[in-house]
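Please read all numbers here as calculations on a predicted model, not as lab measurements. Throughout, numbering of the chain's residues begins at 1 and tracks the sequence.
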Amino acid sequence: QVQVVESGGGLVQAGGSLRLSCAASGSIFSISAMGWYRQAPGKQRELVATITSGGNTNYLDSVKGRFTISRDNAKNTVYLQMNSLKPEDKGVYYCNTDLRILRNGVVSSNEYRYWGQGTQVTVSS
């Protein structure tokens, strides 16, 4: 079994900052990409940022220069530092991880994507 748990959401005023964390645990052999998505009320889920195991990053255009994704491979944890928050950044933020699982001493040949439960981010104007 694999668990993915996010933390760090909350209420902040426009211009403020929040740091989200997401830790994966369980029967994990290796993790390749990790990422953050968000979903605002009435809108589709959108990709915010991703990071590979080698540290290559990709960002949604509207968050470039304000958000920074990073990871601690030893802790199987990914972070999202969000600065200069805007009301339009509001939503539920979801973490995902692409990983190979270890079960009964056997490493899976395929990668599997696991999602966290989401953490609410609210930005007041």
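- Of the possible polar contacts, one joining the R66 side chain to the S84 backbone as a donor-acceptor pair under 3.5 Å is found.
- A pairwise comparison of heavy atoms in V123 and K90 identifies N-CB, 4.3 Å as the closest pair.
- A donor atom on one side chain and an acceptor atom on the other are found under 3.5 Å apart for E111 and S32.
- In the hydrophobic clustering of ILVMFWY residues, with side-chain heavy atoms under 4.5 Å counting as a link, V63 and V92 come out apart.
- Side-chain atoms of E46 do not come within 3.5 Å of backbone N or O of R38 as any donor-acceptor pair.
- Of the possible donor and acceptor atoms, none in the side chain of Q81 sits under 3.5 Å from a partner among the backbone N and O of T68.
- Q120 contributes no side-chain N or O that, together with a main-chain N or O of G10, makes up a donor-acceptor pair within less than 3.5 Å.
- Residue-environment remark: NZ (K75) stays at or below the threshold of 12 foreign heavy atoms within 6.0 Å.
- Qualifying ring pair (Phe, Tyr, Trp, His ring centres under 6.0 Å) partners for Y59, counting only residues two or more places apart in sequence or in other chains: none.
- Minimum heavy-atom separation, K43 to Q39: O-NE2, 3.1 Å.
- Considering every non-hydrogen atom in both I51 and R71, the closest pair reads O-NH1, 3.2 Å.
- Although no hydrogens or angles enter the test, the distance criterion places a donor-acceptor pair under 3.5 Å between the side chain of S108 and the main chain of I101.
- We find that D61 and K64 are joined by a salt bridge, their nearest charged nitrogen and carboxylate oxygen being less than 4.0 Å apart.
- I28 meets the side chain to side chain contact (heavy atoms under 4.5 Å, CB included) test with V2, A24, I31, N76, L99; sequence neighbours excluded.
- Minimum interatomic distance between C22 and V4 (heavy atoms only, all atoms of both residues): SG-CG1, 3.3 Å.
- In this structure, R45 satisfies the cation-pi test against Y94, with its NZ or CZ atom closer than 6.0 Å to the six-membered ring centre and inside 45 degrees of the ring normal.
- Side-chain polar atoms of D72 and T77 form no donor-acceptor pair below 3.5 angstrom.
- Residue T97 comes nearest to M34 through the heavy atom pair CG2-CE, 3.4 Å, listed as atom of the first residue, atom of the second, then distance.
- Judged as a ring-ring contact (aromatic ring centres under 6.0 Å, His included), the pairs with a partner in residues 99-125 (not counting sequence neighbours) are, in order, Y37-W115.
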